[in-house]
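To keep things clear, I will list the structure first and then write my remarks on it.
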Amino acid sequence: MGLTRGASVRELADRFGRSSSTWGNYLNGAQLIPEQLVGNLVESFTPPGAVRNTKATRAWELWAAADAERRASRTPSGGELVRQHQRRDDALQEVIKYQALAANAEKHLAELRPMLAYTQSRLENAELHLKLVGERERARVQRQLGQAKERLSQVQVQQERARGRRMTAEEQQELDDGGADRPGGDPPAGA
């Protein structure tokens, strides 16, 4: 019986009377538990209140079904029906347990959904920021490249001017030097 889970047959025999083997027969369904013990078991193994009322109702239903089966002589002990009901109760308890686990998992998922949405939003913002920074950086580099080209152009112009001045200075010097060497030319100044 689900009420006595955790209690050994010896403990039940000591607490409620009857032999250990008789309690073994009660628990495995080979023998129907006496009606007066059903209420004692419920009182002893459940806390007062709604839980006790629910367990008492279920225990009486199981006992009545087993007794009806025994009286109908389908099985003299009524044990098979009790075992079937017990298996059904065990299966229901498992369903309740897994429903609680599923509800708990759903609760945790519900807690994680806003965090996921926030993280996705942050990631999208970071990607957009990175894209904007990339565009700004590209514009800055293009501006610097344009400035460098402008400076290069200015340097080239100055270089051409300097080359032109050098040529002019060289030509002047050649003129100055060349005039003195020419026959019939004027002597250099100061000579």
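Just so you know, these numbers come straight off a predicted model, no measurement behind them.
Using a cutoff of 4.0 Å between basic side-chain nitrogens and carboxylate oxygens, Glu135 and Arg138 are not scored as salt-bridged. Between Lys55 and Glu43 no salt bridge is recorded (no basic side-chain N to carboxylate O distance below 4.0 Å).
More than 12 non-hydrogen atoms from other residues, nucleotides or ligands lie less than 6.0 angstrom from CZ of Arg87. More than 12 heavy-atom neighbours from other residues, nucleotides or ligands sit within 6.0 angstrom of NE2 on His108. Shown here is Arg52, whose CZ atom has more than 12 heavy atoms of other residues, nucleotides or ligands within 6.0 Å.
Side chain of Thr119 to main chain of Met115: a donor-acceptor pair is present (N/O by atom type, distance under 3.5 Å, no hydrogens or angles).
In this structure, the separation between CG on Asn125 and CD on Gln120 is 12.0 Å, given to the nearest 0.5 Å. Taken to the nearest 0.5 Å, the CG atom of Leu27 stands 6.0 Å off from the CG atom of Leu12. Rounding to the nearest 0.5 Å gives a distance of 8.5 Å between CZ of Arg151 and CD of Gln144. Put simply, CD on Glu124 and CZ on Arg122 are 12.5 Å apart, with the number rounded to the nearest 0.5 Å. Between the CZ atom of Phe16 and the CD atom of Glu11 there is a distance of 10.5 Å, given to the nearest 0.5 Å. Between atom NZ of residue Lys131 and atom CZ of residue Arg136 there is a gap of 12.5 Å, rounded to the nearest 0.5 Å.
Within the 4.5 Å cutoff, side-chain heavy atoms of Asp90 are placed close to those of Gln86. Between Glu170 and Gln173, every side-chain heavy-atom pair lies at or beyond the 4.5 Å cut-off. Looking at Leu62 and Asp89, their side chains come closer than 4.5 Å, going by heavy atoms from C-beta outward. With a 4.5 Å cut-off on side-chain heavy atoms, Ile33 and Trp23 count as touching. Contact of the Arg18 side chain with the Leu37 side chain is registered, since non-hydrogen atoms from C-beta on lie closer than 4.5 Å. Between Gln147 and Arg143 the shortest side-chain heavy-atom distance falls below 4.5 Å.
Cation-pi geometry between Arg15 and Phe45 is satisfied (NZ or CZ under 6.0 Å from the ring centre, within 45° of the ring normal).
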- Query: What's the verdict on salt bridge (Lys or Arg N to Asp or Glu O under 4.0 Å) for Glu160 and Arg165, showing C-alpha distance, side-chain angles and the deciding distance?
  - Reply: CA-CA 8 Å; Glu160 284 300 317; Arg165 281 192 297 265; over 6 Å; no
- From CA spacing to verdict: side chain to side chain donor-acceptor pair (under 3.5 Å), Thr57, Thr54: CA-CA 5 Å; Thr57 301; Thr54 303; over 6 Å; no
- Message: Run Asn40 and Gln36 through side chain to side chain donor-acceptor pair (under 3.5 Å) and show every step you take.
- Response: CA-CA 7 Å; Asn40 293 344; Gln36 66 271 17; over 6 Å; no
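Looking only at atom types and distance, the side chain of Gln172 has a donor-acceptor partner in the side chain of Asp176 under 3.5 Å away.
In this structure, Leu32 and Ala66 approach most closely via the heavy-atom pair CD1-CB, 3.4 Å. In plain terms, the two heavy atoms of Pro114 and Ala110 that are nearest each other are CD-O, 3.0 Å.
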